[in-house]
Amino acid sequence: IRLSLVGSEMCIRDRYKCSERLKTFLNGQETITRAQLTSQMWAYFKEKNLLDPENKQFVISDDKLFKLIGERRFKAFGFMKYLSKDLIPM
């Protein structure tokens, strides 16, 4: 399955080079797909218990996530807008 945005070549299965800050967050991982990044971010949110207990649509950042995202609280399903600039096309 190739998913693309209107008029774009961007695909969730395309590999991207990670920016230095994303690479640091991912413990040295140099390349990633959007699908892999989504899975890893959701695993991190759950592992660290970062979903807002009062409204599970939101994530409350720990210090490591704040360094990457730059927001203390954000919509969980909207995290990719903060990371798109950290995915460098290969």
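Please read these numbers as outputs of a predicted model, since none were measured by experiment.
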Using ring centroids (six-membered ring only for Trp), state whether F74 and Y82 fall under 6.0 Å. yes
When you measure from the side chain of Q36 to the backbone N and O of T33, does any donor-acceptor pair fall under 3.5 Å? yes
Within the 4.5 Å heavy-atom criterion, are D52 and K75 side-chain neighbours or not? no
In terms of side-chain geometry, is the basic nitrogen of D63 or R72 positioned less than 4.0 Å from the acidic oxygen of its partner? yes
Considering all heavy atoms of both residues, which atom of W42 and which atom of L51 are nearest to each other, and what is their separation? CZ3-CD2, 4.2 Å
Side chains of E30 and K23: closer than 4.5 Å at any heavy-atom pair? yes
CE on M80 to CG on L87, rounded to 0.5 Å: 6.0 Å
Neighbour count above 12 (heavy atom, 6.0 Å) for F77 CZ: no
Would D62 and F45 satisfy side chain to side chain contact (heavy atoms under 4.5 Å, CB included), going step by step from the backbone distance to the final call? CA-CA 10 Å; D62 60 8; F45 299 160; over 6 Å; no
Non-hydrogen atoms of C18 and L26 that approach each other most closely: SG-CD1, 4.0 Å
Side chain to side chain contact (heavy atoms under 4.5 Å, CB included) between D86 and Y16, worked out: CA-CA 9 Å; D86 293 295; Y16 295 89; over 6 Å; no
Non-neighbouring partners of T31 that pass side-chain hydrogen bond (donor to acceptor under 3.5 Å, both in side chains), sequence neighbours left out: R15
Is it true that atom NZ of K46 has more than 12 heavy atoms of other residues, nucleotides or ligands lying nearer than 6.0 Å? no
Which pair of heavy atoms, one from S61 and one from E71, lies closest together, and at what distance? OG-O, 2.7 Å
Note: F79 and M41 closest approach over all heavy atoms is CE1-CG, 3.5 Å
Is the charged tip of K64 near the ring of F25: under 6.0 Å from the six-membered ring centre and within 45° of its axis? yes
Close side-chain approach of L22 and L37, heavy atoms under 4.5 Å: yes
Closest non-hydrogen atom pair, I60 against P53: CD1-CD, 4.5 Å
From I88 CD1 over to I32 CD1, what is the distance, rounded to the nearest 0.5 angstrom? 12.5 Å
Any chance you could measure R34, atom CZ, to L83, atom CG, to the nearest 0.5 Å? 9.5 Å
Q57: partners by side-chain hydrogen bond (donor to acceptor under 3.5 Å, both in side chains), with sequence neighbours left out: none
